[in-house]
Q: 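Input: one structure, supplied below.
For the single chain, residues carry numbers from 1 onward in sequence order. Ligands are counted one by one from 1 in listed order, and the atoms in each one are counted from 1 as well.
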Amino acid sequence: MVSDTFQDDIKECFSSAAIAERISALAQTLNQKFAEQYPNEPVLALCILRGAFMFFSDLVRQLTIPHLQLDFIGLSSYHDAAVSSGSVAVTQWLSLDASDAHLIIVEDIVDTGKSMQVLLEKLRALAPRSITLCALLDKREKRVCDVPLDYSCFQVGEGFFVGYGLDFAQRYRHLPGIYTLTPKTHTPTTHKK
Ligand code: IMP
Ligand code: MG
C-alpha cells in the first residue's frame with residue numbers, strides 16, 4: 001500500500017511489467033489483423049485524452065502498420081469525481097480526416113460505456129472504413145451501454161482505478177502501474193478533465 005500526501009489509499013493491482021506484457025500482445029494482435037484484413041489501407045489511431053495518453057504512446061510504438069497516422073480526441077465525463085457524471089463533453093476534436101481511414105480507438109477504460117457510445121456515434125457519422133475499439137481496462141460490470149469493445153488488456157471489477165494515465169481529480173496519472181484507490185481526506189480540484 002502507498003499513501004500520498006492527500007492520504008488516499010492506493011493498492012497496486014497491475015504492475016508496469018504486467019501492463020507492458022499485455023500491451024505487446026495487443027500490438028501483435030493489431031499488427032496481424034491489419035496486415036491480413038486491410039493491407040496498405042489508411043489507418044488512423046485515435047488517442048482518447050487524457051486518460052489514454054500512456055497506453056497510446058506505449059501501444060503505437062509497437063504498431064507496424066504502414067503509414068499509420070495518429071490523432072487526438074478529448075472527452076470529459078468525470079468532473080473530478082469517482083462516479084461518472086453521465087454527461088459526456090467533447091473537449092478536443094480530430095484534426096485529421098477520419099472519413100477514409102480505418103480507425104483504432106485507444107481508450108483508457110470502458111466503464112458505463114456512455115463515453116464510447118457518444119464517441120462512436122460521432123465517428124460513425126464520418127463513415128470511416130472500419131472502427132476497432134481498444135481499451136486498457138474493461139469495467140464490464142458497470143456497463144450501461146452495449147458498446148462493441150474489440151480488445152481490452154485487463155478486465156476489472158468494481159472500484160476506482162488510477163495510474164498509468166488514469167486519474168482521480170487529475171492526480172496519479174504519472175504512476176507506472178495501475179492501482180485501486182480508496183479516497184480518504186481529499187478536496188477535489190476544480191480543473192476540467
Ligand atoms: P464511461 O463513460 O462510464 O464508460 O467512462 C468514461 C471515462 O471515465 C473513462 O474513459 C475514464 O476516463 C473515466 N473512468 C471510468 N472509470 C474510471 C476509473 O476507475 N478510474 C479513472 N477514470 C475512470
Ligand atoms: Mg477516458
Q: Looking at ligand 1, would G51 count as a contact under a 4.0 Å heavy-atom criterion?
A: no
Q: Quick one: does any side-chain atom of D167 pair with a main-chain N or O of R173 as donor and acceptor, under 3.5 Å?
A: no
Q: Counting from 1, what ligand 1 atoms have a heavy atom of K139 closer than 4.0 Å?
A: 16 (N), 17 (C), 18 (C), 19 (O)
Q: Assess D167 for proximity to ligand 1: is some non-hydrogen atom of it under 4.0 Å away?
A: yes
Q: At a 4.0 Å threshold, what atoms of ligand 1 neighbour a non-hydrogen atom of F161?
A: 18 (C), 19 (O), 20 (N), 21 (C)
Q: Can an N or O of V110 be found at a distance shorter than 3.5 Å from an N or O of ligand 1?
A: no
Q: Can you list the residues that meet the side chain to side chain contact (heavy atoms under 4.5 Å, CB included) rule with P66, with sequence neighbours excluded?
A: N40
Q: Measuring from the Mg ion (ligand 2), name the closest N, O or S atom belonging to E107.
A: OE1
Q: Among V144, I178, I109, which one puts a heavy atom closest to atom 9 (C) of ligand 1?
A: I109
Q: Just to be sure I'm reading this right: ignoring hydrogens, which of D111, L166, D138, V88 gets closest to atom 5 (O) of ligand 1? Compare them by their nearest heavy atoms.
A: D111
Q: Give a yes or no on whether the backbone of G74 and the side-chain of T91 come within a donor-acceptor separation of less than 3.5 Å.
A: yes
Q: Which atoms of ligand 1 sit under 4.0 Å from any heavy atom of S77?
A: 6 (C), 7 (C), 8 (O)
Q: Is it the case that over 12 heavy atoms from other parts of the model lie below 6.0 angstrom from the CD atom of E121?
A: no
Q: Nearest 0.5 Å, what's the CG-OG distance between L103 and S130?
A: 7.0 Å
Q: Applying a strict under-4.5 Å side-chain criterion to I, L, V, M, F, W and Y, I'd like to know whether I48 and L166 cluster together.
A: no
Q: By atom name, which N, O or S atom belonging to D108 lies closest to the Mg ion (ligand 2)?
A: OD1
Q: Can you name the atoms of ligand 1, numbered from 1 with element, that are less than 4.0 Å from a heavy atom of E107?
A: 9 (C), 10 (O)
Q: Counting heavy atoms only, which of D108, V147, L137, T112 comes nearest to atom 12 (O) of ligand 1?
A: D108
Q: Test of understanding: with salt bridge (charged side-chain N to carboxylate O under 4.0 Å, His left out), list the residues that count as partners of R143, not counting sequence neighbours.
A: D138
Q: Tell me whether the rings of F14 and F154 are parallel (<30°), tilted (30 to 60°) or perpendicular (>60°).
A: parallel
